[in-house]
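These notes are about the structure you will find just below.
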Amino acid sequence: MNNRQCILSLIIFILAQSSLAADRPKFELTSTGLAHSLKAQSIDVGHDPVYKSAKQYQAYPLADIIKKLAIPDGQQSDDWMVVFTATDGYKVAMTYPDALQEQGYIAFKDNSAGTNNWLPFKSGKKTITPEPYYLVWPKAGLDEWRYPWPFQLTTVSLQPATEYYGAAAPTNSNNPQVKNGFSLFSRYCIRCHSVNLAGGNVGPELNIPKNVSEYFQEQELAGFIRNAPTYRAGTKMPSFETLISTEETQAIVHYLNQKKYEKIQ
Ligand code: HEC
């Protein structure tokens, strides 16, 4: 390939990528006409984690919204994320199968708010409301890591996991243990930890320049992941003992091990 061909194919590649990104299935919650295309219902939430009390909302079933966002033909639903975006750009995602596993609802009105749609609550130092939309899960006792409650939502969209998580996603995704491990890592860990510099920064980066498996003994790594407070007093890392089984911890370790061969340059 000569230089000009090379530049041309790069431009075509970039165009193809950007049109791909633009085609991601997306649902604007705030668009007019939403009320006509979905059926609202009254739902009871026994213990709302934001208001810390029982609540009743007017809401649309999440499944009805997701059904409007088709996954492209021939692709596996568990390779896709359902992404919730809030007014301030904050994003939270769940795997496509998780989003349909339990009955989630997109609430648009708090029945106890009278003529207003919402009641205020304290978030850090600010007093805010969930306006315009709030994701809620009526079933009691669901794991909040797996079933998040984001508020001030504006859009629900679909994105491939590899694209959403960037360099933290495994390149070798054919290995089912690595794949499962990454799915668990994305649910419980990535909001605090980055891998290949992609992810949160509350905890340390786990792959660059050294992968944790390069300086932790494997058994101890698994033990630490399940119950960090039994290793370090005062750690900010929560215990996952009641949420993650030993097999699941092993899958996370497999995923972390794999990333040692997939370091970004
Ligand atoms: C709420 C934030 C938070 C979450 C969620 C979290 N961690 Fe951590 N993690 C930390 C912090 C902070 C540290 C830093 C060291 C400490 O306090 O012990 C840490 C330390 C670690 C370490 C030790 C790294 C080192 O080099 O010392 C590993 C490994 C680790 N976390 C893995 C995980 C895995 C795997 C998950 C998901 C199951 C997870 N963490 C979830 C906050 C978190």
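All values derive from a computational prediction rather than experimental measurement. Residue numbers start at 1 and run along the sequence shown.
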Pair Leu153-Thr85, side-chain contact (heavy atoms from CB on, under 4.5 Å): steps then yes or no: CA-CA 6 Å; Leu153 296 179; Thr85 310; over 6 Å; no

Over 12 foreign heavy atoms within 6.0 Å of OH, Tyr261: no

Test item: Lys236 side-chain N/O and Val202 main-chain N/O as donor-acceptor pair under 3.5 Å: no

Donor-acceptor pair between Gln152 and Asp88 side chains, under 3.5 angstrom: no

Expected output: side-chain Ser53 to main-chain His47 donor-acceptor under 3.5 Å: no

Shortest non-hydrogen separation from Val156 to Leu69 and the atoms involved: O-CD1, 3.7 Å

Ser194 versus Asn201, side-chain donor and acceptor atoms under 3.5 Å: no

By side-chain contact (heavy atoms from CB on, under 4.5 Å) - contacts of Ala198 (at least two apart): Ala168

Over-ring placement of Lys179 relative to Phe182, 6.0 Å and 45° cut-offs: no

Donor on one side chain, acceptor on other, Gln250 and Glu218, under 3.5 Å: yes

Option passing side chain to side chain donor-acceptor pair (under 3.5 Å) with Tyr57 (candidates Asp44, Asp48, Asp110, Asn117): Asp48

Identified side chain to side chain donor-acceptor pair (under 3.5 Å) counterpart of Glu241 within the set Thr249, Thr246, Asn227, Thr230: Asn227

Residue pair Trp137 / Gln103, side-chain donor-acceptor N/O under 3.5 Å: no

Phe240 ring center near Trp145 ring center (under 6.0 Å): yes

